There are 2 protein chains.
Amino acid sequence: MARKRTIGDIALLAGVSKATVSRVLNQKPDVDPSTRERILRIVEEEGFVPSLTAAGLARRHSHLIGVLVPSFTWPMVPDIVCGVAEAIGLTPYELVLYSINDKTRADGKGDVIDHILASDLVAGLLSILPGLPAKHVIRLHQYGFPVVMIDDRELPSDVPWISADNQQGAYEAVYHLLKLGHRRIAHIQGPVDLYCSRQRYQGYCRALEDYGIPVDPTLVVEGLFRRKSGMEAAQKLFSLPQGQRPTAIFAASDDMAYGVIAYAEEHGIRIPDDLALVGFDGISSSAHVRPPLTTVKQPFQEMGRQGAKLLISMIEHAHRQRAYIPPGAGKHATLLQPEDEQVQQIHLATSLLVRASCGARQSQAVSSIEQVT
Amino acid sequence: MARKRTIGDIALLAGVSKATVSRVLNQKPDVDPSTRERILRIVEEEGFVPSLTAAGLARRHSHLIGVLVPSFTWPMVPDIVCGVAEAIGLTPYELVLYSINDKTRADGKGDVIDHILASDLVAGLLSILPGLPAKHVIRLHQYGFPVVMIDDRELPSDVPWISADNQQGAYEAVYHLLKLGHRRIAHIQGPVDLYCSRQRYQGYCRALEDYGIPVDPTLVVEGLFRRKSGMEAAQKLFSLPQGQRPTAIFAASDDMAYGVIAYAEEHGIRIPDDLALVGFDGISSSAHVRPPLTTVKQPFQEMGRQGAKLLISMIEHAHRQRAYIPPGAGKHATLLQPEDEQVQQIHLATSLLVRASCGARQSQAVSSIEQVT
DNA sequence: CTGTTAGCGCTTTCAC
DNA sequence: GTGAAAGCGCTAACAG
């Protein structure tokens with residue numbers, strides 16, 4: 001195969017300067033249409049692809065976006081990444097994966113993140129399920145580095161952020177159980193230091209309140225999102241005196257719901273006959289457990305997609321901004337709209353997937369709230 | 001936060017040339033220990049991290065490695081990527097994810113791959129589960145671009161390649177069933193155009209032969225690795241006349257085994273009482289299905305790790321090579337060992353996880369064959 | 001052992 | 001509209 005072409009080769013072949021080729025490649029407006037076309041034809045013929053590395057250096061910001069993922073053992077991570085990849089595939093950007101593995105990469109905290117910033121390989125960072133690293137991500141944001149968080153955040157802050165509408169999703173799940181006649185509905189929470197856990201809990205409370213049912217603290221137990229903690233929670237709930245036990249459980253994650261199923265199986269509790277069960281997440285395996293799990297589906301792929309889009313728009317916006325900073329009399333300086341720097345926080349609607357585990361017979365109810373703050 | 005430092009800043013602070021700083025950063029041997037230490041101290045203090053982009057450009061090969069993944073819907077992909085990320089985390093390399101989504105990126109074929117090569121962002125490519133793209137990956141390899149394939153290949157070729165020992169794994173699974181007394185053991189194959197499927201089939205045959213049992217073609221049906229095709233295969237097998245039905249099934253993937261379980265449940269076939277079942281892959285959910293699935297576990301993370309290591313060593317080796325190509329009288333030219341260019345094909349051992357679905361009562365038998373060709 | 005000198009391939013002023 | 005020139009931040013080749 002022929003030697004890799006450079007922009008210089010193309011310029012030569014087209015009989016123009018490198019600058020012009022560059023202009024065409026970057027879709028600048030000021031190029032003679034016929035010249036543009038000729039250059040594009042040659043680029044096509046030669047299969048020329050400009051060097052991302054060199055372009056990044058010269059442009060002073062790369063077309064790479066970093067994606068920070070926690071352990072891949074969370075089942076939604078692949079889905080989200082998939083959405084991210086899909087959105088990025090539509091752009092000239094590429095995706096650099098930074099995974100916070102337990103061992104490698106220091107203590108999975110600031111080090112990695114500082115390194116990401118410092119090596120300035122990527123032009124922005126998408127942080128998926130930031131648990132502890134959240135605070136570091138927030139710091140980056142405060143330094144003005146483009147950052148978007150997906151699906152969680154520890155602390156309230158003004159970091160751009162995508163998530164499902166956890167509260168509404170939970171509300172609908174519990175409301176569904178209430179409609180089915182349940183009155184003693186327990187909730188297995190996620191870790192309460194996570195914002196999403198608190199939101200789901202809020203939704204749970206709100207639904208009960210709407211039915212005029214007071215929240216019974218003995219029916220609310222904290223879990224860790226994992227199956228095991230779901231089992232333990234079930235254990236706790238079923239140690240309650242006879243009449244105080246729940247007739248339904250709303251678990252804040254599907255995995256914890258699986259734990260409940262396992263516990264129920266061991267103890268001869270029939271689902272849904274003796275206990276109705278609803279999970280949260282809508283991971284694919286929930287359709288295949290016995291009994292199939294009713295659950296609140298989060299639009300993970302869509303969250304990934306939206307996150308990527310938002311980040312890229314931030315990156316490009318940041319660049320426009322920067323371009324105008326020099327005080328010299330830019331000709332079109334007035335073109336710069338103040339471009340509201342407002343907080344971007346996007347909530348995506350969840351949908352309730354009704355399956356056998358809650359004892360209802362409907363097929364699928366879909367909510368449709370979608371709000372952008 | 002202070003402006004990002006450049007290598008020039010460090011050189012200035014240390015009172016040496018940029019070249020010297022560069023030498024220290026790149027661990028070249030020829031630097032005065034005290035100078036080295038001083039530079040390192042300053043680098044540390046200033047939190048200096050060199051620009052990967054600039055370094056890549058100057059060095060003419062980046063420290064990025066591309067990872068080509070198929071749909072994330074294959075459950076092992078995250079595991080493999082996780083291993084890859086872990087291994088890469090130990091090196092100065094970073095991981096660029098190229099995902100062949102169904103929609104984006106053209107037809108998921110040559111285009112992406114050519115683009116990867118042309119944009120020369122990455123120094124090498126790790127291709128995970130190459131299905132159709134395999135031939136393109138092979139092409140890259142023929143052009144001399146460093147490439148490693150993980151866990152499959154369509155055509156025999158000399159592309160460096162990591163996989164589980166599919167044949168041996170299958171052998172052990174079937175042997176286990178034979179030991180349990182089964183004589184009519186069916187096999188649900190993966191797509192036969194995949195090498196791994198053929199290997200698993202080979203293992204199946206070999207085990208039967210070792211027991212003096214002829215392979216009965218009516219007991220071998222081809223599936224597509226997915227649950228649904230497992231169900232269909234079960235359907236086919238149970239449509240056989242009474243006496244010809246299998247008493248055990250060895251499915252070439254866990255997902256297909258799940259399909260068998262679903263079919264069995266629907267048709268009142270008890271597992272393991274009426275039918276023993278063994279899967280292949282050892283994905284984590286197999287421990288939690290009912291009944292828990294006996295399966296051949298592939299060391300996915302390890303495969304990812306080994307693949308990354310192999311690729312990086314190839315990249316660095318290629319560079320040493322290239323450095324010697326210029327015919328000018330390199331002083332140490334004799335240092336270049338011919339460095340056997342031999343085919344690198346690594347098989348990793350699988351392990352048989354014995355659970356309830358096969359009707360045995362052992363806990364776990366582990367095989368230990370590991371060969372490097 | 002260390003400094004100097006050229007670039008890597010592209011983008012970006014700034015003239016024309 | 002287009003070209004020439006000057007780098008981006010780093011590494012590599014060659015002297016010393």
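Predicted, not measured: the structure shown is a model, and the values here were computed from it. Every chain is numbered from 1, with letters handed out A, B, ... down the list of sequences.
Applying the 4.0 Å criterion to OP1 and OP2 of C:dT2, one finds that B:Thr35 has a side-chain N or O inside that range.
If you check every strand for non-hydrogen atoms under 4.0 Å, A:Asp30 touches a base.
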Report task. Begin with the C-alpha distance, continue with both residues' side-chain angles, and end with the deciding distance and a verdict on side-chain contact (heavy atoms from CB on, under 4.5 Å) for A:Tyr93 and A:Ile315. Result -> CA-CA 11 Å; A:Tyr93 286 76; A:Ile315 292 170; 3.6 Å; yes
Query raised in the report: Between B:Tyr98 and B:Val69, does a side-chain contact (heavy atoms from CB on, under 4.5 Å) hold up when you go through it step by step?
Result: CA-CA 6 Å; B:Tyr98 292 105; B:Val69 304; over 6 Å; no
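Stem analysis of DNA chain C (at least three stacked-register Watson-Crick or G-U pairs, each with both distances under 3.5 Å) gives C:1-4 with D:13-16, C:6-16 with D:1-11.
Each of A:Leu126, A:Ile116, A:Val96, A:Ile150 was checked for a side chain to side chain contact (heavy atoms under 4.5 Å, CB included) with A:Leu68, and the lone residue meeting it is A:Ile116.
Aromatic ring orientation, B:Phe72 versus A:Phe72: parallel (interplanar angle below 30°, classes split at 30° and 60°).
Between the CG atom of A:Leu12 and the C1' atom of D:dG3 there is a distance of 14 Å, given to the nearest Å. Rounded to whole angstrom, the span from the CG atom of B:Asp9 across to the C1' atom of D:dC8 amounts to 14 Å. When the P atom of D:dC10 is taken as reference, atom CG of B:Leu64 falls 15 Å away, rounded to whole Å.
Minimum interatomic distance between A:Arg305 and A:Gly83 (heavy atoms only, all atoms of both residues): CG-O, 3.4 Å.
More than 12 heavy atoms of other residues, nucleotides or ligands lie within 6.0 Å of CD in B:Glu45, so this atom counts as buried by the packing criterion. Residue A:Glu46 places its CD atom among more than 12 non-hydrogen atoms of other residues, nucleotides or ligands, all under 6.0 Å distant.
We find that A:Arg139 and A:Asp114 are joined by a salt bridge, their nearest charged nitrogen and carboxylate oxygen being less than 4.0 Å apart.
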Report summary line: Heavy-atom contacts, protein to nucleotides 8-16 of chain C, under 4.0 Å, summarised as B (base), S (sugar-phosphate only) or - (none) per nt, yield BBBSB----
